[in-house]
Amino acid sequence: MENGSTTTSTTITIKGILSLIMESISEEKEEGRCVKRVISLGMGDPTLYSCFRTTQDTLEAVSDSLLSNKFHGYSPTVGLTQSRRAIAEYLSRDLPYKLSQDDVFITSGCTQAIDVALAMLARPRANILLPRPGFPIYELCAKFRNLEVRYFDLLPENGWEINLDAVESLADENTVALVVINPGNPCGNVYSYEHLMKVAETAKRLGFLLIADEVYGHLAFGSKPFVPMGVFGSIVPVLTLGSLSKRWIVPGWRLGWFVTTDPSGSFKDPKIIERFKKYFDILGGPATFIQAAVPTILEQTDESFFNKTLNLLRNSSDICCDWIKEIPCIDSSFRPEGSMAMMVKLNLSLLEDVSDDIDFCFKLAREESVILLPGTAVGLKNWLRITFAADAASIEEAFKRIKCFYLRHAKTQSQIIVDF
């Protein structure tokens, strides 16, 4: 990887490339070839596997809200008051200060929160600093807003920490924000308190705010606890983005939030608040009955549910790491600590007829019906993102097939010596 860059290869989306990979499997079926059961380790949707289910209390909260006949109309464009208050109280549990309902704006999932953040920051000649690898929606939204994108590298040898030297070299007087994704997607890392403190201090010194993407908040199962970026809100203003999607395993409900975690009051200017509100007037938020269920969901979910999810993710990631050691063409020295995905490096020198990560994923899908995400989609060519939010049996079977694929395409020892 280069030490920071203002360029990127593509604005390909995760859903877009995964759809193309799925189509290649469908083509195999249409041509009459025997196709195995599809195992997807490409999309970060845990609901694809029956071991990941939300709680009965969560389902009943939504059912009660719907059947009450009280929430079939429009909600305020910034969200129901009681739901904003509940989100503020939920996030305040982990902060050294208290948020109010006025700090919270409800969005249609975290993706809409990303769009809101970038729309609010866009101005002529502005640039934004994004992590590589990262989440491609940021680049896509930035291009629609005419925000210049500048990439800083995450360092795999340092647990995917932010390369702060690169940030220093990339930032200028037109830099409006830096995006911090923690726990990390696509890397599976969890940042320490000390590293986040350095990030906050760097942002303060260079004069820009932070966008904290915490859609995987609290999904930390390694040695480091999850620390919200808002903890450092008194050092530098932070826009916190999150949702119910991952922690409660309900990504299809599209319930997210955009929160000004800023105890110093940088966002309290009436003109700024009015701009936020006017922008939300043109957006469509989540269904009103889903919003109405939020207070009950946040207040009554038992800790045992969260612990079960963390244990499942820890076990699944361990299985991945054990299998990776058995397949020479993929490598990862980093063991995931959180979120639902990890990055592995592809060693093309060991493969005879695979040109790059995209070619690898398409051929793997056609031959073995296993879906992985090419690293190119998240900014790292010739890497792969593996989602481990799946049941143990499916992960085991997927890696058995990946190993078979490797053996089928592996170069002989003599070929490797000649190439060397």
Side-chain angles (χ1 to χ4, degrees), residues 14 17-18 20-22 24-29 33-46 48-49 51 133 156 186-188 312-336 339-378 380-420:
I14 290 174
I17 195 165
L18 290 177
L20 292 174
I21 292 173
M22 275 298 299
S24 70
I25 296 177
S26 298
E27 289 170 2
E28 293 292 306
K29 289 182 180 179
R33 296 186 178 91
C34 180
V35 176
K36 301 172 184 176
R37 174 178 72 90
V38 175
I39 303 176
S40 177
L41 303 182
M43 180 65 77
D45 184 353
L48 296 174
Y49 297 92
C51 60
C187 303
L312 284 169
L313 292 172
R314 184 185 299 109
N315 182 58
S316 296
S317 68
D318 285 345
I319 294 171
C320 289
C321 291
D322 290 343
W323 267 101
I324 287 167
K325 297 173 185 176
E326 301 295 320
I327 305 172
C329 69
I330 56 176
D331 177 65
S332 176
S333 58
F334 179 78
R335 184 173 288 269
S339 81
M340 296 180 175
M342 64 184 297
M343 294 295 290
V344 298
K345 193 170 186 178
L346 189 58
N347 187 346
L348 294 171
S349 69
L350 299 180
L351 299 170
E352 184 175 5
D353 54 354
V354 176
S355 59
D356 57 24
D357 56 316
I358 294 176
D359 189 35
F360 180 96
C361 289
F362 273 90
K363 286 179 176 174
L364 176 67
R366 285 195 295 267
E367 296 178 26
E368 296 292 347
S369 297
V370 173
I371 298 176
L372 304 180
L373 183 71
T376 295
V378 294
L380 277 190
K381 186 177 176 62
N382 294 333
W383 286 65
L384 307 168
R385 189 189 78 168
I386 299 176
T387 300
F388 48 80
D391 61 80
S394 293
I395 293 175
E396 293 274 6
E397 176 61 23
F399 274 95
K400 287 177 184 177
R401 297 186 197 176
I402 295 170
K403 186 172 184 178
C404 289
F405 177 84
Y406 160 71
L407 294 173
R408 190 180 308 120
H409 292 270
K411 289 182 178 178
T412 64
Q413 191 62 34
S414 59
Q415 287 174 309
I416 295 172
I417 292 172
V418 168
D419 290 344
F420 181 78

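Given the structure is predicted, the values throughout are model-derived calculations rather than measurements.
For the atom pair R335 CZ and C321 SG, the distance stands at 4.0 Å (nearest 0.5 Å). Between I327 atom CD1 and K400 atom NZ the span is 12.0 Å, to the nearest 0.5 Å. Note: F399 CZ to I319 CD1 = 9.5 Å, rounded to the nearest 0.5 Å. How far NE2 of H409 is from CG of L351: 8.0 Å, rounded to the nearest 0.5 Å. If you take SG on C320 and CG on N315, they are separated by 10.0 Å, rounding to the nearest 0.5 Å. For the atom pair S316 OG and I386 CD1, the distance stands at 12.5 Å (nearest 0.5 Å).
Closest non-hydrogen pair, M342 versus F334, comes out as CE-O, 4.1 Å. Across L313 and S339, no two heavy atoms sit closer than the pair CD1-O, 3.7 Å. Of all heavy-atom pairs spanning C404 and E368, the tightest one is CB-OE2, 3.9 Å. Shortest non-hydrogen contact noted between P328 and L350 is O-CD1, 3.5 Å. G375 approaches M343 most closely through the heavy-atom pair CA-CE, 4.3 Å. Closest non-hydrogen pair, A390 versus C51, comes out as C-SG, 4.1 Å.
Under the 4.5 Å side-chain criterion, counting only non-hydrogen atoms from C-beta, W383 is not in contact with P133. With contacts defined as side-chain heavy-atom distances shorter than 4.5 Å, the pair F362/I358 qualifies. I371 has its side chain out of reach of M43: every pair of non-hydrogen atoms, C-beta onward, lies at least 4.5 Å apart. At least one side-chain heavy atom of C329 sits less than 4.5 Å from a side-chain heavy atom of F360. A heavy-atom distance below 4.5 Å is not found between the side chains of T387 and L373.
N382 places a side-chain N or O within 3.5 Å of a backbone atom of D357 that can act as its donor or acceptor partner.
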Scan the side chains in residues 391-398 for donor-acceptor partners under 3.5 Å anywhere in the protein, sequence neighbours excluded, and list what turns up.
{"from": "D391", "atom 1": "OD1", "to": "A393", "atom 2": "N", "distance (Å)": "3.2"}
{"from": "D391", "atom 1": "OD1", "to": "S394", "atom 2": "N", "distance (Å)": "2.7"}
{"from": "D391", "atom 1": "OD1", "to": "S394", "atom 2": "OG", "distance (Å)": "3.0"}
{"from": "D391", "atom 1": "OD2", "to": "S394", "atom 2": "OG", "distance (Å)": "3.0"}
{"from": "E396", "atom 1": "OE1", "to": "W323", "atom 2": "NE1", "distance (Å)": "2.6"}
{"from": "E397", "atom 1": "OE2", "to": "R401", "atom 2": "NE", "distance (Å)": "3.0"}

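Scanning for side chain to side chain contact (heavy atoms under 4.5 Å, CB included) contacts around R314 gives F221, N311, D318, with sequence neighbours left out. Annotation: side chain to side chain contact (heavy atoms under 4.5 Å, CB included) contacts of D359 (sequence neighbours excluded): V354, S355, D356, K363. The ring-ring contact (aromatic ring centres under 6.0 Å, His included) check on Y49 picks up nothing, with sequence neighbours excluded. The salt bridge (charged side-chain N to carboxylate O under 4.0 Å, His left out) test applied to D322 returns no partner, not counting sequence neighbours.
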Legend entry - Audit row: N347, D331, side-chain contact (heavy atoms from CB on, under 4.5 Å) steps and yes/no: CA-CA 8 Å; N347 187 346; D331 177 65; over 6 Å; no
Inset, instruction - Before giving the answer on side-chain contact (heavy atoms from CB on, under 4.5 Å), spell out for L372 and I402 the whole-Å C-alpha distance, their side-chain angles and the decisive distance to 0.1 Å. - result: CA-CA 10 Å; L372 304 180; I402 295 170; 4.1 Å; yes
